[in-house]
Amino acid sequence: MSTDTPVRSVTAPDAGYSIVFPGTWSVIPLETDEIMKTVIGRIVKKQVGVADRLARTRRMMIEELLTTAQRARDAGAHSMHLSLEILPGVPFPAALIASDSPWPKESIPAAPAAFAESLAATFPGVSIVEHRFGPMCRTVEAGLGRFGDAETPSLSAEYRLPYPDGGGVLTLTISAPMARDPELYATLFDAMVDSLTWKA
């Protein structure tokens, strides 16, 4: 699939799951800075426009998105997706970054029935809720973000789901730096994560 192709669902080839996106999203490759910048630049021009008066906005968006992608790659993320539109008239309202992590030796679950206990031990203080495939951690935080000189409501969410074979934890980090309606975005993110289906 081309990185420029908008998607409404994606199957992660190496991660063993598929997920359905609300609205339309694009894949951001994490291989090299050059590829990331090329794809991000192309997407920003398409979403923002090419008028001269928008040059500063385009530049700011490209720099911010490139920094996010670089940090995701350096932190070990295996995929990143950028929303092209969740709500009408709101370009780039969210980004999703997926990464894997192993269980600490002292928290490796002996069986799926122990997933909730292992999650509680590995991520103390984080709420554990039920995904349709079992327990997961969910953290949602509303705040204020800045874009240029403007201050806007923002939302960040993190979901941690054990792989069915118990071999590790999938972390989905979703950020919405311009979440005009945080509660609505939180509902959309919950639905998106609930759509996740393991290949097995």
List, one per line, each side-chain donor-acceptor pair under 3.5 Å for residues 186-194, sequence neighbours excluded.
| unit_1 | atom_1 | unit_2 | atom_2 | d |
| --- | --- | --- | --- | --- |
| Thr187 | OG1 | Glu183 | O | 3.0 |
| Asp190 | OD1 | Arg138 | NE | 2.8 |
| Asp190 | OD1 | Arg138 | NH2 | 3.4 |
| Asp190 | OD1 | Tyr159 | OH | 2.6 |
| Asp190 | OD2 | Arg138 | NE | 3.3 |
| Asp190 | OD2 | Arg138 | NH2 | 2.9 |

With a 4.5 Å cut-off on side-chain heavy-atom distances among I, L, V, M, F, W and Y, is there a chain of contacts connecting Val169 to Leu196?
no

For Ser156, check side-chain contact (heavy atoms from CB on, under 4.5 Å) against everything at least two apart and list the hits.
Glu141

Using the rule that Ile, Leu, Val, Met, Phe, Trp and Tyr join whenever any side-chain heavy atoms are under 4.5 Å apart, tell me whether Ile97 and Val126 fall into a single cluster.
no

At their closest point, which heavy atom of Ile40 faces which heavy atom of Ala69, and how far apart are they?
CD1-CB, 4.4 Å

Taking every heavy atom of Ile43 against every heavy atom of Ser26, the minimum-distance pair comes out as CD1-OG, 3.4 Å

Same hydrophobic cluster for Met80 and Ile35, using side-chain heavy-atom links shorter than 4.5 Å among ILVMFWY?
yes

Which heavy atom of Trp198 sits nearest to which heavy atom of Pro162, and what is that distance?
CZ2-O, 3.4 Å

Should Thr173 and Leu96 count as side-chain neighbours, where that means a heavy-atom distance under 4.5 Å?
no

Is it true that Tyr163 and Leu172 fall in one hydrophobic cluster, defined by side-chain heavy atoms closer than 4.5 Å?
yes

Take a 6.0 Å sphere around CD of Glu34 and say whether it holds more than 12 heavy atoms from other residues, nucleotides or ligands.
no

Under 4.5 Å between side-chain heavy atoms, counting indirect links through other Ile/Leu/Val/Met/Phe/Trp/Tyr residues: same cluster for Met136 and Ile108 or not?
no

Ile174 to Ala94 - nearest heavy-atom pair and separation
CG2-CB, 4.4 Å

Return yes if some donor-acceptor pair links the side-chain N/O of Ser99 with the main-chain N/O of Ala77 below 3.5 Å, else return no.
no

Set of side-chain hydrogen bond (donor to acceptor under 3.5 Å, both in side chains) partners for Thr68, sequence neighbours left out
none

Measure the spacing between CE of Met60 and CG of Leu65 and express it to the nearest 0.5 Å.
11.0 Å

Distance col, row Lys37:NZ vs Glu63:CD, nearest 0.5 angstrom, shows 8.0 Å

Using the test salt bridge (Lys or Arg N to Asp or Glu O under 4.0 Å), find all partners of Arg73 that sit at least two apart in sequence or belong to another chain.
Asp33

Does anything in residues 103-128 pair up under ring pair (Phe, Tyr, Trp, His ring centres under 6.0 Å), and if so which pairs, sequence neighbours excluded?
none

Find out whether Tyr17 and Leu161 are in side-chain contact, i.e. whether some heavy atom of one side chain is under 4.5 Å from a heavy atom of the other.
no

Side-chain touch Arg160/Leu170, heavy atoms, less than 4.5 angstrom
no

Donor-acceptor pair, Ser118 side chain versus Ser107 backbone, under 3.5 Å?
yes

How about Thr171 and Glu158: do any of their side-chain heavy atoms sit closer than 4.5 Å?
yes

Residue pairs passing the side chain to side chain donor-acceptor pair (under 3.5 Å) test where at least one lies in residues 125-136, sequence neighbours excluded:
Arg132-Thr197

Rounded to the nearest 0.5 Å, what separates atom CD1 in Ile62 from atom NZ in Lys45?
7.0 Å

